[in-house]
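Notes to accompany the following structure.
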Amino acid sequence: GAGVSQSPSNKVTEKGKDVELRCDPISGHTALYWYRQSLGQGLEFLIYFQGNSAPDKSGLPSDRFSAERTGGSVSTLTIQRTQQEDSAVYLCASSLVLAGGIPYEQYFGPGTRLTVT
Amino acid sequence: AQSVTQLDSHVSVSEGTPVLLRCNYSSSYSPSLFWYVQHPNKGLQLLLKYTSAATLVKGINGFEAEFKKSETSFHLTKPSAHMSDAAEYFCVVTRGSGSARQLTFGSGTQLTVLP
């Protein structure tokens, strides 16, 4: 079946421009997560959605970062006024909802490599 | 707060020899622990997970990990390394509350397999 997909796969943008990164989760997965993988910082959590709401935005590094999810499916991560330190691979994951105290596996997309010049 | 520490940033082994990737965790309550693998230019893939059902967990590709509460460890092992095992490995713990759990990743261990 189809896995998590992300677009674009690569994005090069100039400093100060806005970018939008898209994630299509696995159908039926109500939980959606955004992570960032960068040199020197490793892999860090940004935000997660349960349905269309975001109970935890604690990982967003600044107010230039925002995300939304519509229809309980597609999510968009927006970075405004990009800076060079935003260069990283942005990963999206989705999962079924926790049941019985046991978290389901998170399935990761291939990522979007963002380069800010 | 929950965290994981991967004790080795790089591990090199010869093909056919055992693999040991070390991970220690810190958790204020019973954690769920995972190992993920990332091959070059590929996405993250789950190797195995511990969710309190059994302390010895078997995963894909011959890997296994043992949860040791007394040592707060969750080391990943494989009896015999294969060239295709060369990749980066992440020890991961869940954190947060509610019905979904975000992941906290260790810093990763790069495994090199020598012919």
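Sequence lines set the chain letters: A, B, ... in the order given, protein chains first and strands last, and positions in each chain run from 1.
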Discussion item. Assigning hydrophobic clusters by single linkage (Ile, Leu, Val, Met, Phe, Trp, Tyr; side-chain heavy-atom cutoff under 4.5 Å), is B:Val11 placed with B:Val37?
Written reply: yes
Practice prompt. Could you tell me the separation between the CD atom of B:Gln38 and the CZ atom of A:Phe108, rounded to the nearest 0.5 Å?
Written response: 9.0 Å
Worksheet item: About how many Å separate CD of A:Gln37 and CD of B:Glu88, when rounded to the nearest 0.5 Å?
Response: 7.0 Å
Fill in: Connected via hydrophobic side-chain network under 4.5 Å: B:Leu33 and B:Leu56
no
Item to complete: Report whether B:Tyr25 and B:Leu76 are members of the same hydrophobic cluster (ILVMFWY, side-chain heavy atoms less than 4.5 Å apart, transitive linking).
Response: yes
Worksheet entry | Greater than 12 external heavy atoms within 6.0 Å of A:Leu39's CG | no
Worksheet item: Do A:Val4 and B:Val92 belong to the same hydrophobic cluster, where Ile, Leu, Val, Met, Phe, Trp and Tyr are linked whenever their side-chain heavy atoms lie under 4.5 Å apart, directly or via other members?
Response: no
Discussion item. So A:Tyr35 and B:Leu103, do their side chains get closer than 4.5 Å, heavy atoms only?
Written reply: yes
Discussion item. Please classify the contact of A:Ile47 with chain B as side chain, backbone, both or neither, using a heavy-atom distance under 4.5 Å.
Written reply: neither
Worksheet item: Given B:Phe105 and A:Phe45, is the ring pair (Phe, Tyr, Trp, His ring centres under 6.0 Å) satisfied, shown in steps?
Response: CA-CA 8 Å; B:Phe105 284 76; A:Phe45 164 77; over 10 Å; no
Worksheet item: Going from CZ on B:Phe34 to CD on A:Glu105, what distance comes out if it is rounded to the nearest 0.5 angstrom?
Response: 8.5 Å
